[in-house]
Amino acid sequence: MSERISRQRSRRTRQRARRGRRPIVRWPMIGAALLGWALSAALLAGPRVAPRALPAAGQRAPRTLAAEIDFVFTEPDVPGPGAAVDVRAGTTLVEAGERVTPQTHARLRAHHDWLRAEGEPGPPAARPAADAFLMGMALLLALAVWSRAAPDGPERVPRLALFLTLGLLGLGLVRLALHPVFARPGFASALTEPTLPLVLAPLLGGILAGPPLALAVGLWIAFGAAVLAGHSFPVLAMGLAVTGGALLVTQRVRRRSQVFQAGLGVGLVKALLVVALAVAAQPTGHVLALQAAAAVGSSLAAALLALLLLPLLEIVFGLTTDVRLLELSDPGHPLMQRLAMEAPGTYHHSLVMANLAHAAAERIGAHALLVRVCAYFHDIGKLTKPEFFTENAPRGHNPHDELSPEMSTLVITSHVKEGVGLAQHFKLPQPVLDGIRQHHGTSVVSFFLDRARRRNAGDAPDPAQVRADDFRYAGPKPASREMAILALADAIEAASRSLDKASPSRIENLVEEIVWQRIKDGQLDAADLTMRELTEVKRSFVFTLTNMLHGRVAYPRHEAGLLQPAAASAAAPSGAAAPDRPAARAGAAEPAAAAVGGDRGAGRG
């Protein structure tokens, strides 16, 4: 056994090493980089106004401001022709740290008005190329971060498309906010930077695809918006701050109402940074309060827009959020209601298995909510023929007695295909369909395989003429940690029903035997589950099952309502409790070896 475990560990080490050597970029990523760079560089064309927060009179200038074009300034309170002053491009209007007088403020407003009237001055010929290069570098940095952090899987390409969509949406909104049409002179220009739409994309990315995509799209927008805003450090700092805030607050979003809480959290982070950046300019308290309120208000508006876009993006990109999974965990779902009415044994098995798998997933940091929802729906295919499965079969009647082992196997294994069809009809998301397909892997329906070999033993000298592959599920094998936990929990929960006395030692031996059988059969080869994590999963199974199957103190029969108090006192001595009769466990007569092998007993799929 130790040699087999060593080979298993070596194989998993090689798999993880291959994953660690995967290239930073691949062909889909190269195409995404070229497309994203071309579209983001196109945003550099056309007029735009840098978010100049004109300091009010009495404040200190945050930086040196110089005239970008020639303009005419009329001196206030100076009568006559001498009031008009020609100001040449390059003239310093105010020095960094200098207190702004009313006259200086009027000159700054006049310069802003001339800029709006004549448009931005034409940049040097090399500047657009340099800006486009910076936009491309920002995109490559974001793609490199996402490639190393994002998991492999069938959703990788849709998430890459989502990354491009969210990044271009965020940069497009920033470009729109910096258009001269929306520029405001004087006091209102101080609100331009705090209200830039930097929050929406990382917020949506974190809710839809998790922290890796939120981090990548946030970095891209932070650097790209800084370039669009004229290489503005405050815009870069705000973009990085809201990205960090989105990483923190979107990990716990499971209800649509929590989207607003996430927007408020990101808004508070943005407001704190806005206040820290604004203090250097020594603004008035009124301006500072408005800037902080603008930061929070724009973040709440982004949360509202995210709430509207979430269902659309889920459908377009085929992604499943925790919000959607939590909606599916409602026991009032039509499929769950049908299970409770038409297959109550399967319904109870699914609920118990969900608790078992959820605890194990939480213990190793896997997606516990996904495992729980998959456990609820993994056996919905049994609704087509519920009486052919042990937990739903009527007492004293086994429909498999009238069928051959091959036909019984076909009926049992078909519940996977039937379940996929029902899930597609009710539009369940792809991860739940994966749980239905993979919860048995390619395991053997060992009960009917054993029955077929015993049947042939009387006719043929070699019972091995019955091929085990003819009694296997179609698969595929579990392809992730979550699906592996689901498959193990399904087998262990059902097998635990065959235990007459569920002591901790017996439960531990049962768990060890089932897990070892799955490893030996190669059912966990495709799952990204390390030996350390597998050990923690087994410990969680043992702990949870021990608590679920603990013994109870026997109640007096009259308290259980089985006898009237007078009859109970006549049947038992005074002060003695008549022990309650133990209820028969479902599946208690099934052989334990069959429970380990894959089908967990006759008709238990």
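The model shown is predicted, which means the values in this text are computed figures rather than measured ones. Position 1 is the first residue of the sequence; numbering continues from there.
Within 6.0 Å of CZ in F543 there are 12 or fewer heavy atoms belonging to other residues, nucleotides or ligands. Surrounding CZ of F426 are more than 12 heavy atoms belonging to other residues, nucleotides or ligands, all under 6.0 Å away.
In terms of heavy atoms, I380 sits closest to G419 at CD1-O, 3.5 Å. Of all heavy-atom pairs spanning A366 and E482, the tightest one is CB-OE2, 3.5 Å. For the residue pair A292 and V275, the shortest heavy atom distance occurs at CB-CG2, 4.1 Å. The minimum heavy-atom distance linking A138 with F223 is given by the pair CB-CB, 3.5 Å. Listed here is the closest heavy atom pair of K270 and S299: CD-OG, 4.0 Å. A368 and E362 get closest at one heavy-atom pair: CB-CG, 3.4 Å.
Side-chain atoms of L328 and P429, non-hydrogen and from C-beta on, do get closer than 4.5 Å to each other. Looking at heavy atoms from C-beta onward, F163 lies in side-chain contact with L139 at the 4.5 angstrom threshold. By the 4.5 Å heavy-atom criterion applied to side chains, R481 and V371 are not counted as neighbours. The side-chain heavy atoms of I436 and L422, taken from C-beta on, include no pair separated by under 4.5 Å. Residues L313 and L319 have side chains not in contact (no heavy-atom distance under 4.5 Å, counting atoms from C-beta outward). With a 4.5 Å cut-off on side-chain heavy atoms, T250 and V259 do not count as touching. L171 is listed as a side-chain neighbour of M135, based on a closest heavy-atom distance under 4.5 Å. Counting heavy atoms from C-beta on, the side chains of F260 and L307 come closer than 4.5 Å.
H378 NE2 to M483 CE: the interatomic distance, rounded to the nearest 0.5 Å, is 11.5 Å. Rounding to the nearest 0.5 Å places CG of L169 at 12.0 Å from CG of L164. Put simply, NE2 on H358 and CE on M353 are 13.0 Å apart, with the number rounded to the nearest 0.5 Å. We find the CG-OG1 distance between L160 and T165 to be 9.5 Å, quoted to the nearest 0.5 Å. In this structure, the separation between CG on L300 and CG on L305 is 12.5 Å, given to the nearest 0.5 Å. The CG atom of L529 sits 6.5 Å away from the CD1 atom of I485 when rounded to the nearest 0.5 Å.
When the options I221, L198, L196 are evaluated for a side chain to side chain contact (heavy atoms under 4.5 Å, CB included) with V242, the one that passes is L198.
For the pair S540 (side chain) and E536 (backbone), a donor-acceptor distance under 3.5 Å is absent. With R159 contributing its side chain and L213 its backbone, the two residues share no donor-acceptor pair below 3.5 Å. Checked by atom type and distance alone, the side chain of Q438 pairs as donor or acceptor with a backbone atom of A479 at under 3.5 Å.
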task = Test side-chain contact (heavy atoms from CB on, under 4.5 Å) on Y376 and D330 and set out the steps.
result = CA-CA 10 Å; Y376 286 157; D330 181 8; over 6 Å; no
ask   = Hey, mind stepping through H367 and D322 against side-chain contact (heavy atoms from CB on, under 4.5 Å) and telling me if it holds?
value = CA-CA 10 Å; H367 198 331; D322 285 354; 3.0 Å; yes
query = Can Q258 and V323 be said to form a side-chain contact (heavy atoms from CB on, under 4.5 Å), step by step?
reply = CA-CA 9 Å; Q258 291 178 328; V323 176; over 6 Å; no
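Ionic pairing of R324 and E314 is not present here: no N-O contact between side-chain nitrogen and carboxylate oxygen is shorter than 4.0 angstrom.
Taking the six-membered ring where tryptophan is involved, the planes of F377 and H333 are perpendicular, since the angle between them exceeds 60° and thus also 30°.
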